[in-house]
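Have a look at the structure below, then the notes.
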Amino acid sequence: MKKIIVTGALGQIGSELIEKLRSEYGAENVLATDIRKPDGATSGPFELLDVTDGKQMLELAKKFGADTIMHMAALLSAKAEENPLFAWNLNMGGLMNALEVAREMDMQFFTPSSIGAFGPSTPKQNTPQDTLQRPTTMYGVNKVAGELLCDYYYHKFGIDTRGVRFPGLISYVAQPGGGTTDYAVDIYYKAIEEGKYTSFIAEGTYMDMMYMPDALQAIVDLMEADPSKLVHRNAFNVTAMSFEPSQIAASIQKCIPDFQMAYEVDPVRQAIANSWPDNIDPSAAIEEWGFKANYDLDAMTEDMLAKLKKKLKAS
Ligand code: VAH
């Protein structure tokens, strides 16, 4: 029986991962933790946890009797560039604590990497699973170091660590905070609220993206995969689509014909986006554990706009 502790449970991925895991394994078998309290009622157990406090993390995991840890707490790319030292301490300190808890309790372990683990010298088209990784952001340095640490804990201590390199994730539940791909979430909110959007990423800037339901299913599928089939572990390239801002605008205009798009480029986040691939190759994930994405751009747009109309109580 899975007993899962999740860190960063109130974040963009965490907030929906909790509900996905509780529907798969039972609400009482998933302990949500975060550094702040949830606003409303929760659908199962919740505890406050600062992931830089390894002692507290171990105590909570032991008290819960966890056999799996999903470490989601991290500072995203743009925020990490604003405060690189804080990002290093949180992203790497938190990860080391989670890996140590997994080692002490022999738990299965998941944490996401990102397309941010690649850099300007990485092949930008059809980026291979195994390739040059020289990121030029603190977030990317954290993600590459994290991938190597997770592999180390597997080879050195036999901990069943698994991870994916997520693309930009689009969702309507919890908004991302401080990412470079956030424009692809903000645009849907503004399309409903104002009928227009000013993108901080330049037209023609391709990045890999995925709708949250596909990301959540990928986590469950990877964690349930037969370990004997895994050649790679940390971390699999996964992606559903690659688009640039004018393409998501055109997709929205199929539903909201009067939607207007403008551009006011943020040099910091544009520089980060420029250092990332245009599109990555997910073939290792497909071959080793059957990764599959169900949403393309238009299907995602339709679902996002429908769900946000309800959420924002727009007519
Ligand atoms: C970010 N949304 O923009 C995250 C993600 C691939 C991007 O890692 O930092």
Side-chain angles (χ1 to χ4, degrees), residues 8 10-17 70-84 86-88 90-92 94-95 110-120 122 124 127 133 135-147 150 163-189 199-202 205-212 214-216 218-219 234-245 248 265-282 285 293 300 304:
L10 299 179
Q12 184 200 12
I13 306 175
S15 56
E16 296 194 62
L17 179 59
M70 294 194 180
H71 180 59
M72 310 305 290
L75 214 56
L76 295 181
S77 57
K79 274 266 179 281
E81 282 312 291
E82 283 172 21
N83 197 337
F86 173 66
W88 174 268
L90 171 58
N91 290 349
M92 302 317 296
L95 176 62
F110 174 85
T111 198
S113 180
S114 158
I115 59 173
F118 298 121
T122 304
K124 283 183 90 68
T127 303
Q133 291 178 261
T136 49
T137 63
M138 173 52 82
Y139 180 72
V141 168
N142 296 162
K143 288 304 182 186
V144 174
E147 292 182 11
C150 292
V164 295
R165 291 179 188 133
F166 273 138
L169 297 182
I170 287 103
S171 63
Y172 61 86
V173 175
Q175 292 200 336
T180 300
T181 58
D182 295 2
Y183 91 89
V185 178
D186 303 343
I187 191 170
Y188 288 111
Y189 280 82
S199 171
F200 56 75
I201 295 293
T205 309
Y206 283 88
M207 288 189 273
D208 283 284
M209 302 282 182
M210 189 188 291
Y211 197 26
M212 187 61 80
D214 283 334
L216 302 176
I219 294 172
N234 305 284
F236 287 91
N237 287 359
V238 289
T239 183
M241 58 192 102
S242 169
F243 56 73
E244 52 94 2
I248 188 171
V265 174
D266 166 9
V268 173
R269 284 182 284 189
Q270 185 62 39
I272 295 172
N274 291 344
S275 74
W276 291 353
D278 289 349
N279 52 74
I280 63 175
D281 170 12
M300 174 173 74
M304 272 294 280

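Counting begins at 1 with the first residue of the sequence. Numbering of ligands and ligand atoms starts at 1, following listing order.
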Does the side chain of Thr127 come within less than 4.5 Å of Asn279's, by heavy atoms?
no
Student check: side-chain heavy atoms of Gln133 and Arg165 closer than 4.5 Å:
yes
Looking only at non-hydrogen atoms, which of Phe166, Trp276, Tyr183, Tyr139 approaches atom 8 (O) of ligand 1 most closely?
Tyr139
Say whether Gly116 and ligand 1 are in contact under the criterion: heavy-atom distance to a ligand atom below 4.0 Å.
no
Which ligand 1 atoms, with their elements, are less than 4.0 angstrom from a heavy-atom of [X]?
X: Pro167; result: 6 (C)
X: Ile115; result: 6 (C)
X: Leu76; result: 9 (O)
X: Thr181; result: 2 (N), 3 (O), 7 (C)
X: Gly179; result: 1 (C), 3 (O), 9 (O)
X: Thr180; result: 1 (C), 3 (O), 9 (O)
X: Gly168; result: 6 (C)
X: Ser77; result: 1 (C), 3 (O), 9 (O)

Side chain to side chain donor-acceptor pair (under 3.5 Å) with Asp208: which of Thr181, Thr239, Asn237?
Thr239
Rounded to the nearest 0.5 Å, what separation is found between the CZ atom of Phe166 and the CD atom of Gln12?
10.0 Å
To the nearest 0.5 Å, atom CD of Glu244 lies from atom CE of Met209 at 10.5 Å
Do ligand 1 and Asp182 have nitrogen or oxygen atoms that lie under 3.5 Å from each other?
no
Which label fits Tyr172 and Tyr211: parallel for a plane angle under 30°, tilted from 30 to 60°, or perpendicular past 60°?
tilted
Crowding at NZ, Lys79 (>12 non-hydrogen neighbours, <6.0 Å):
no
Could you check whether Glu81 pairs with Arg269 (Lys NZ or Arg NE/NH1/NH2 to Asp/Glu carboxylate O, under 4.0 Å)?
no
